[in-house]
Every structure is written in structure tokens, then in C-alpha cells.
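For the numbers below, each heavy atom of this structure counts, side chains included, while hydrogens, waters and symmetry mates do not.
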Amino acid sequence: MHVAATIPSYHHHRIYVSVLAIAKLKITTMASSSSRNSSGEFTTIKERISFEKDIKKSKFIAIAGSVSDDKSAMSFLSQVRDPKATHNCWAYKVGDQYRSNDDGEPSGTAGKPIYSAIATSGIDRVMVVVIRYFGGIKLGTGGLVRAYGGVASECLKNAPTCLVKTKVPMGVEVPFDLLGVLYHQLQSFNVEDMKQDYDTGKDDISMVTFKVDFDKVENLEDTLKANCSRELKFYKH
């Protein structure tokens with residue numbers, strides 16, 4: 001980001017820093033407990049991936065994709081399901097929230113094994129749809145559990161993953177002539193979505209908003225204090 005700003009002496013100015021809001025993971029109401037993942041980071045898959053396997057003449061195709069809530073999960077399902085298939089079974093996990101569906105298979109033989117594969121993989125914000133084309137040979141309850149859980153597990157095992165950190169929205173109320181100093185510090189923390197608003201109702205004061213990794217907030221505050229060589233007043237909500 002290129003910012004046009006002068007960096008003058010700032011020993012007689014005061015910066016007021018306020019945290020506007022702590023980022024909240026938006027999770028639509030889903031089947032399971034209402035608790036939320038508060039760790040601030042999670043591992044998810046980078047891209048859609050599939051795995052195919054023939055089991056006793058039935059073809060099983062597992063397709064995994066990243067989802068953020070129930071709405072995006074249902075959208076993903078509509079994109080990948082095959083209406084011509086015998087069954088389109090699925091499960092997804094978003095934090096501690098999850099749903100699963102057997103889509104006509106005996107209760108507990110498809111959706112739950114798929115969910116178990118997700119839970120044991122350590123991957124979050126993910127949905128796995130397993131499409132089955134029946135080949136004429138019944139697998140039995142145990143066989144179905146092994147088939148659905150197995151292909152889902154293999155699919156996730158091959159998926160490229162990444163660590164995602166929660167972003168915290170913050171705001172800094174700062175005098176115009178200190179914008180250069182502020183931007184220099186913020187850029188060193190790789191903040192995102194940096195915006196500036198001059199309409200604060202206060203003379204010569206601008207509001208700069210941005211997002212920073214949840215685990216960098218405290219260090220960011222300490223760094224601003226140290227570089228300004230003065231006591232700063234912080235507000236958190």
C-alpha cells in the first residue's frame with residue numbers, strides 16, 4: 001500500500017487507540033452444541049478435492065470443500081451432488097458445529113462415518129459429500145460404515161491444508177500529522193483492509209481502521225506505546 005504522509009516530530013501529540021470490535025466467527029445455527037471454537041485459528045483445506053474408490057461394484061466418490069456456515073455448506077452440496085446417483089451422503093464441521101445426512105442409507109451408516117472422518121482429520125470448516133452409485137451388491141451395515149468413512153478419510157488425507165487465523169477489526173484515532181508514523185507501524189504487522197476516515201467530528205483527527213491476526217493484537221498495542229514513548233489509552237469491547 002502506498003500512503004502519502006509526512007512524518008514529523010511527534011513528542012507533543014497523543015494518539016488515542018480504540019479497538020472497535022473483536023472479530024466473531026459467524027456460525028449459523030446447526031445441529032449439535034452451541035459452543036464455538038475460541039482458539040482463534042483453525043486448519044482447513046485450500047481447495048476442493050475428490051477421491052474415488054470402487055467397493056464391491058459400487059462406486060464411491062468423496063468430494064471435500066471448504067465451508068464457513070450452514071448456508072455455504074448447502075450451496076456446496078447443491079454444486080457437487082449428482083441427482084442420478086443412488087445416494088449423496090454428507091457431513092460438515094464448522095468449529096464445534098456440525099450436521100450429517102445418510103440420504104437414504106440405513107441410519108448412522110453414512111453421514112456419521114463421514115463426520116467421524118472429518119473430526120479425526122483435524123480439519124475444520126470443511127464439508128465432505130460422498131456420492132454412491134449402487135453396483136448391485138449390498139454391503140451390510142458394517143460395510144457401509146467402512147466404505148463411507150474410509151473414502152471420506154482418504155479424501156481428506158490427500159487434501160492440501162492451511163492454517164487460518166481469526167482477524168480482529170481495530171481502529172486508531174490519530175492526528176493527521178502522525179499518520180505516517182502510524183502506517184509504518186501497522187504495515188510491519190501485515191494488517192489487512194486498512195481504511196482511513198477523516199470525518200470523525202474532531203479537528204485534525206482521522207480514524208484508521210484495519211484487521212490484524214488475533215495473536216498480534218497485544219504486541220501491536222505494546223509496539224505503538226513503545227514507539228510513541230508515551231502512555232496510550234486503549235479501549236476493547
Side-chain angles (χ1 to χ4, degrees), residues 19-52 60-83 85 87-103 110-131 148-149 151-171 189-195 209-217 220 236-237:
V19 177
L20 297 181
I22 299 299
K24 298 180 179 179
L25 296 177
K26 297 175 64 179
I27 299 179
T28 304
T29 302
M30 293 171 260
S32 84
S33 68
S34 59
S35 61
R36 294 163 61 176
N37 184 354
S38 58
S39 67
E41 61 185 29
F42 58 90
T43 298
T44 191
I45 64 176
K46 291 181 179 179
E47 58 192 34
R48 184 179 300 183
I49 190 169
S50 63
F51 175 80
E52 182 177 326
F60 289 84
I61 303 175
I63 306 173
S66 178
V67 298
S68 58
D69 52 26
D70 186 72
K71 183 178 180 180
S72 67
M74 294 303 99
S75 175
F76 178 76
L77 175 62
S78 67
Q79 293 172 30
V80 302
R81 71 183 304 275
D82 183 356
H87 303 282
N88 291 273
C89 306
W90 53 267
Y92 71 80
K93 180 179 183 296
V94 178
D96 292 330
Q97 314 299 308
Y98 69 90
R99 282 182 62 186
S100 63
N101 189 288
D102 295 312
D103 193 37
K112 286 184 178 180
I114 296 172
Y115 170 72
S116 294
I118 295 173
T120 57
S121 72
I123 299 175
D124 199 3
R125 275 65 171 175
V126 67
M127 182 177 200
V128 179
V129 179
V130 179
I131 303 168
Y148 280 101
V151 296
S153 179
E154 286 296 326
C155 182
L156 293 174
K157 187 183 298 183
N158 297 322
T161 61
C162 61
L163 182 66
V164 179
K165 294 184 179 182
T166 300
K167 299 292 183 180
V168 177
M170 297 183 66
F189 282 86
N190 298 316
V191 302
E192 299 179 359
D193 299 332
M194 196 185 306
K195 298 178 182 178
T209 58
F210 55 90
K211 293 181 180 178
V212 64
D213 291 341
F214 79 99
D215 56 351
K216 293 182 179 179
V217 173
L220 173 64
K236 293 184 179 180
H237 302 278

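The closest side-chain heavy-atom distance from R99 to M127 is not below 4.5 Å. By the 4.5 Å heavy-atom criterion applied to side chains, D69 and V94 are not counted as neighbours. Between R81 and P83 the shortest side-chain heavy-atom distance falls below 4.5 Å. With a 4.5 Å cut-off on side-chain heavy atoms, M74 and Y92 count as touching. Between V130 and C155, every side-chain heavy-atom pair lies at or beyond the 4.5 Å cut-off.
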### Message
side chain to side chain contact (heavy atoms under 4.5 Å, CB included) for Y148 and H87? Distances and angles first, verdict last.
### Response
CA-CA 11 Å; Y148 280 101; H87 303 282; 3.8 Å; yes
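Shortest non-hydrogen contact noted between I114 and A91 is CG2-CB, 3.7 Å. Taking each heavy atom of T44 and R125 in turn, the nearest pair found is OG1-O, 3.2 Å. In plain terms, the two heavy atoms of V151 and A62 that are nearest each other are O-CB, 3.6 Å. When every heavy atom of A64 is checked against every heavy atom of L156, the shortest pair comes out as CB-CD2, 3.9 Å. Annotation for N88 and D103: closest pair N-OD2, 2.5 Å, computed over non-hydrogen atoms.
Side-chain atoms of K93 come within 3.5 Å of backbone atoms of G95 as a donor-acceptor pair (strictly under, hydrogens ignored). Although no hydrogens or angles enter the test, the distance criterion places a donor-acceptor pair under 3.5 Å between the side chain of S116 and the main chain of K112. Looking at N101, its side chain never comes within 3.5 Å of a backbone N or O of W90 through a donor-acceptor pair.
Across V128, V67, V126, a single residue satisfies side chain to side chain contact (heavy atoms under 4.5 Å, CB included) together with F76, and that is V67.
If you take CD1 on I63 and CD1 on I49, they are separated by 11.5 Å, rounding to the nearest 0.5 Å.
For the side-chain contact (heavy atoms from CB on, under 4.5 Å) test, residues two or more places apart in sequence or in another chain that qualify with A117 are A152, S153.
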